[in-house]
Amino acid sequence: MAAKKIRFDSKTVLYILGGFFFAYLFFGFMLLPCLNTLTSIFSVKNPDGSANPWAVIKFFLAGNMGSFVWNSLKLALCLVVTVNVVGCSIVLLTEYFDIKGAAILRVGYMTTLIYSGVALVTGYMFLYDNDGIITTLLKNSFPGINDNWFSGFKAVLFTMTFACTSNHMLFLRNAIRNIDYNTVEAARNMGASPFKVLFKVVFPTLIPTLFSLTVMTFITGLCAMSAPTLLGFDSINPEIVRLAGSSTADESFPQARAALLSIILATFTIVLLTILSSYERKGHYLSVSKTKAKLQKQKITNPVANVLAHIYAYVLFIIYMTPVVMIIIFAFQTYSAIRLKTIDFSNWTLINFFGKQDYSYLTSRGTYKVREGSISGVFSNSATLGGISMSFILSLVASVLAAVIVVIACAYIFKHKKSGTVLEYSLLFPWLLPTILICYSYRTYFNSEEVWYVFNNNLYYGPNVRLLIIIAYTVVKLPFSLRMIKAAFYAIDEELEDAAKNLGASPIFTFLKVKLPIILPSVLAVVALNFNALFTEYDMSATFASTYGTSYAMVIQAMCLEEGLYGYNVNASGRRCASTVFIMIVSGLMLYLVYGVGSRDLGERLAIREKRRLRREKIRKFFKRNKEN
């Protein structure tokens, strides 16, 4: 049989060029940098210049590097327990049990969705640090209390416990809402108590979601960065960043040690994701009635249990809301009120947001000096504005770029099963590796002018680091974008595409006019969620930190260290509060675009568009009629 000839038309040439371009990107920006990190562990040389491939391993076993691994493991294991307990309880209190004021409680529990990372950590520090509001109140009541009680492991565990429950409010909440109430009602009719129904009927249906959340929480704790860095806890990620900025003149082979810690993190991540994938393949099914009923909230019949549940719910609400309320209030306070941690209701100000003021202070010689403009607002401070613009542009470009790449990839995956599978697993590759490993690999691999992949340009030098940050942001967000957008492609009816073809529409025209409008809400949601995560991202920012790559998160962190230094940045705490408020507004707007505008399907968007058109037409006729009269 004659071999099938390949037709070299424009479509085939486009596929070939696209394949080569993707291979160039995959090997150059995913595989080779990570392989370079792995090989650097075994290329260490002794002071005499001789190769010693096991030097780092021996140093790890004999030195204190193992303590960083153990600290991260301890944090991850404890977080699995605390986050699941708090996360499950807040979802049950707002979605399953009949608790008074559940709508208000839900708003409080979801505040971690609008501020996270370094902004959230600094918010808790504003309350509990050695000069924080709560610590100041405790010192006034108990003078012998330790000022630094909120630091180290316990502080990190407390902060991350409440910071990491946002996934439960997103995913576990949806899982509980999808429970068939008929199964709950059947168990109640058989005499089961509310708590027996919860543990015997409800929780078994939530096991897949809880397992996924547990793995996500463990990886989050293992790869924690902002909380350990700011609260003084020795874990893996802060140590990797510290070693990355060190040199052999300071300590023994720091780069190789950073590489080894990165590989250890990658090993843990790969093992956990493998276990999760194996667990998901087993399948978990629950028999439900043919007509699914909406879940109704369950009353707690025991009076004592009901009172305790309400007390517990509102104690958690206070813990969640106190940082938010205090940050918003103190964002409008003067620097003196913030320094004394007292609220001056008679003197509100916008100086932490806009404008500048001079600051007079008494020197050691007893004379007053004036620092012009040392009190400045978020939008009047060059460093803060530079961080905002830097993070906004880089995050937006990376979010859009990741979504565009994934949309094109999904269109190919659904057309070509075999090669599409290879493409899909290639895009999921970054999920196997910790973010810090990818960023550290970029920093070491591209910090040279001998990388022909990028035309012998040093991407870590000078302004080029911004391009490197965009690439890292994009690569890290590819797996999440793929999972979300690929699910949207399944909603496209193939008959629509066939109808467009029968009408003579080209593939590109069909995609732009038929497919894209259907998946557009999901694509916009992915862009918004990615932007939210990247705008205040700290881990990658710390790895790429440089004069040309100072992100908003790095600026916020610097505010914790520079306040009042030499009479400058006197109101750094107030500006930090104002920055957090600004982040809340931006994140809240993005979430509205996701769950408000972005959640509307094509029919709803067309109906709203028609409604707006009729409103404009009505207004136009009204003015026309008045003009004629």
*OG on Ser235 to CG on Asn71, rounded to 0.5 Å*: 7.5 Å
_Distance in Å, Leu433 CG paired with Ile438 CD1, rounded so as to fall on 0.5 Å steps_ = 5.0 Å
*For the pair His168 and Asn84, evaluate side-chain contact (heavy atoms from CB on, under 4.5 Å) and give the outcome as yes or no after the intermediate values.*
CA-CA 8 Å; His168 286 72; Asn84 273 326; 3.0 Å; yes
*The single option from Ile264, Ile270, Val271 passing side-chain contact (heavy atoms from CB on, under 4.5 Å) against Phe268*: Ile264
*Tell me, with the steps shown, if Tyr115 and Thr536 meet side chain to side chain donor-acceptor pair (under 3.5 Å).*
CA-CA 8 Å; Tyr115 81 124; Thr536 56; over 6 Å; no
*asked:* Could you work out, with salt bridge (Lys or Arg N to Asp or Glu O under 4.0 Å) as the rule, every residue matching Glu424, not counting sequence neighbours?
replied: Lys486
*OH (Tyr548) with more than 12 external heavy atoms under 6.0 Å*: no
*Is the Phe26-Phe429 ring centre distance short of 6.0 angstrom?*
yes
*Going by distance alone, is a donor N or O of one side chain under 3.5 Å from an acceptor N or O of the other, for Ser481 and Asn530?*
yes
_Side chains of Val451 and Val454, heavy atoms from C-beta outward: is any pair under 4.5 Å?_
yes
*Under 3.5 Å, is there a donor-acceptor pair linking the side chains of Ser419 and Tyr412?*
yes
*Is there a donor-acceptor pair under 3.5 Å between the side chain of Thr39 and the backbone N or O of Asn36?*
yes
*Could you tell me whether the side chain of Val475 reaches within less than 4.5 Å of the side chain of Tyr442, counting heavy atoms only?*
yes
_Please list all pairs meeting salt bridge (Lys or Arg N to Asp or Glu O under 4.0 Å) that have one or both residues in residues 541-551, counting only residues at least two apart or in different chains._
none
*asked:* Donor-acceptor check, side chain of Ser72 to backbone of Ile236, threshold 3.5 angstrom: yes or no?
replied: yes
_Straight-line distance of Tyr473 OH to Leu468 CG, nearest 0.5 Å_ = 11.0 Å
*Working for side-chain contact (heavy atoms from CB on, under 4.5 Å), residues Leu38 and Ile263*: CA-CA 7 Å; Leu38 177 62; Ile263 295 299; 4.1 Å; yes
*asked:* If you compare all heavy atoms of Met225 against all heavy atoms of Ala542, which two are closest, and at what distance to 0.1 Å?
replied: CE-CB, 3.7 Å
_Restricting to non-hydrogen atoms, name the atom on Ser262 and the atom on Leu437 that form the minimum distance, rounded to 0.1 Å._
CB-CD1, 3.3 Å
*State the CD1-SG distance between Ile176 and Cys88, to the nearest 0.5 angstrom.*
7.5 Å
*Residues Ser448, Asn458; criterion side chain to side chain donor-acceptor pair (under 3.5 Å); working and verdict*: CA-CA 5 Å; Ser448 170; Asn458 189 327; over 6 Å; no
*Quick one: does Asp539's side chain get under 4.5 Å of Thr543's, heavy atoms only?*
no
*Over all atoms of both residues, closest heavy-atom pair of Gly221 and Met160*: CA-CE, 4.3 Å
*Measure the shortest side-chain to side-chain distance between Leu243 and Leu261 over non-hydrogen atoms and say whether it is less than 4.5 angstrom.*
yes
*Search all heavy atoms of Ala224 against all heavy atoms of Pro238 and return the closest pair with its distance.*
O-CD, 3.8 Å
*Determine whether the side chains of Thr444 and Tyr460 contain a donor N or O and an acceptor N or O closer than 3.5 Å.*
no
_Counting C-beta onward and ignoring hydrogens, is there a side-chain heavy-atom pair between Leu534 and Met540 closer than 4.5 Å?_
yes
_Between Ser391 and Tyr552 (side chain of the first, backbone of the second, donor and acceptor by atom type, cut-off under 3.5 Å), is there such a pair?_
yes
*What pair of heavy atoms forms the shortest contact from Thr122 to Leu230, and how long is it?*
CG2-CD1, 3.9 Å
*Is the shortest heavy-atom distance from the side chain of Glu239 to the side chain of Met65 under 4.5 Å?*
no
*Can you find a heavy atom in the side chain of Tyr440 that is under 4.5 Å from one in the side chain of Gln255?*
yes
*How long is the span from the CG atom in Leu120 to the OG1 atom in Thr111, to the nearest 0.5 Å?*
8.0 Å
*If you take all heavy atoms of Ala403 and Val523, which pair is closest and at what distance?*
CB-CG1, 4.1 Å
*Can you find a heavy atom in the side chain of Tyr538 that is under 4.5 Å from one in the side chain of Thr229?*
yes
*Please round to the nearest 0.5 Å and tell me the distance separating atom CD1 of Ile388 and atom CZ of Phe582.*
4.5 Å
*Thr269 and Leu432: CA distance, side-chain angles, deciding distance, side-chain contact (heavy atoms from CB on, under 4.5 Å) verdict*: CA-CA 6 Å; Thr269 305; Leu432 298 177; 5.9 Å; no
*Under 6.0 Å between the ring centres of Tyr24 and Tyr453?*
yes
*When you measure from the side chain of Thr165 to the backbone N and O of Phe162, does any donor-acceptor pair fall under 3.5 Å?*
yes
*For side-chain contact (heavy atoms from CB on, under 4.5 Å), just list the numbers for Asn237 and Ile240, CA-CA rounded to whole Å, side-chain angles, deciding distance to a tenth of an Å, and then say yes or no.*
CA-CA 5 Å; Asn237 269 11; Ile240 291 174; 4.1 Å; yes
*Of the options Phe21, Phe446, Phe22, which is the one that meets Phe29 in a ring-ring contact (aromatic ring centres under 6.0 Å, His included)?*
Phe446
